[in-house]
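Please read the structure below before turning to the comments.
These numbers were taken from a predicted model, which means no experiment stands behind them. In what follows, chains carry the letters A, B, and so on, assigned in the order in which the sequence lines appear, proteins first and then strands, with residues in each chain numbered from 1. No hydrogens, no waters, no symmetry mates; every other heavy atom, side chains included, goes into these values.
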Amino acid sequence: MNAAIVTSVVGILTGVAILYLVRRDHLHGSYALWWLAVAAAALLLGLFPKTIDWLGHLTGIAYPPVLPIIIGLGMILLRMLRMDIDRSRSERQMRRLTQKIGILEQELAQAKRGAEAGAEPARVKTGQVIPLPKSSDV
Amino acid sequence: MVNVRGPRVRQSTLSDHKQLLTVIPARNESATVGEIVRRVRSVVGGEVLVVNDASSDDTSAQARVAGATVIDLPICLGAWGAAQTGLRYAKRNHFRVALTLDADGQHHPEELPALLNGWRSSRANVAIGTFPQRLSTAKRVAWRYFRMLTGIGVQDFTSGLRVYDRHAIRVLASRKASLLDYQDLGVLMLLRQKGLSLHEVPTVMSPRRTGGSRVFSSWPMVVRYMLHTTVLCFAQFGWRWRFALRAGTRA
């Protein structure tokens, strides 16, 4: 019974902490959803400890208490894989943005030199819409 | 999706289609970059672009004085990241041919006309200038292993002396090529996957004057490189299979 109370309290505290972090704008939406699900799972296990035994019976695991550990580890591995995928994506975007900055700086310097040499610089008209590059162009 | 196997028609005569861009990736090469740029300019025409990979010395200024266009990268992207910047510049400015060579003086600009001629007569999309004599035993063993693994019959995978045509420029400027860390196997496999052809031109190179090979600098680096590239090869296996099947049905 004690363990159940502790688990429930941990679940509730995690949930509150996540909501606080989202409110303070420290945590991005999709990550918050994941952590709220973790909090909900902890709360569920705290309130209904019998779930573990039921799950163990269902999967044929003789010693049900290892079940949360196995599931937890599996989830952590999945989460880490997801993090590396995200990191690879950010790395790609960072590299392409770096390249684009270099190219644009060179063009800007060239345009400035052209303007100093007396050529009419391209002016932006008021109210003109300047399209931002699509993410596929970055 | 880029259709690179499209017919080579519409040889545009528009004036904004420039002919030749020479890309020289450079990181802390101020001792040699100026001389290389001058020699390239005197040997082949066209624009010379030095991509300064976040150097801490005056590589950028030396290249500018020598008459090159210079792109300064704010963060170091490595040899391939810098070369790709040049190819993106080439695509953006509608160049038809891009040439790349190293700034450290191991590639002789005087060899460029022969390389371009070899490329033209082969009608391949990409030409690689190689100098098999310079390969160390370790490299020979490594390249034999990768030739076996990929089925790409190139003598020297890492040579940075290359000619790319418009189709190759378009493929290599794409997002797909941005996560590659080295300019060798990953780049060649991507080109093959897109149906482009490779040709090797034997050239003369000198040993590096300053610094050593970035890949073959220490044993941990070599192991890292070999593992990294092996994973890349295995991830591409489906393509090799398809490639072999196509070749088989044609024969």
Closest approach of [X] and [Y], non-hydrogen atoms and distance?
X	Y	answer
Thr85(B)	Ile103(A)	O-CD1, 3.9 Å
Ile101(A)	Pro74(B)	CG2-CG, 4.1 Å
Gln99(A)	Leu73(B)	CA-CD2, 4.0 Å
Arg95(A)	Leu180(B)	NH1-O, 3.2 Å

Would you find more than 12 non-hydrogen atoms of other residues, nucleotides or ligands less than 6.0 Å from [X] atom [atom1]?
X	atom1	result
Arg41(B)	CZ	no
Phe48(A)	CZ	no
Asp25(A)	CG	no
Arg79(A)	CZ	yes
Trp34(A)	CH2	yes
Met75(A)	CE	no

Contact class of Val51(B) relative to chain A, heavy atoms under 4.5 angstrom: neither
Ala54(B) versus chain A, the contacting section by heavy-atom distance below 4.5 Å: neither
Just verifying a value: how many Å separate [X] [atom1] and [Y] [atom2], rounded to the nearest 0.5 Å?
X	Y	atom1	atom2	answer
Leu104(A)	Ile71(B)	CG	CD1	9.5 Å
Arg92(A)	Lys176(B)	CZ	NZ	8.5 Å
Glu91(A)	Leu77(B)	CD	CG	8.5 Å

Under 3.5 Å: donor-acceptor pair, side chain of Arg88(B), backbone of Arg96(A):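 Checking the backbone N and O of Arg96(A) against the side chain of Arg88(B), a donor-acceptor pair under 3.5 Å is found.
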Option that, when pairs with chain A are counted at under 4.5 Å, heavy atom only, ranks first among Leu49(B), Ile75(B), Val70(B), Asp72(B):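 Looking at each of Leu49(B), Ile75(B), Val70(B), Asp72(B) in turn, Ile75(B) comes out on top.
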Top contributor to chain B interface from Gln110(A), Glu107(A), Glu105(A) [non-hydrogen pairs under 4.5 Å]: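 Result: the option with the highest number of such pairs is Glu107(A).
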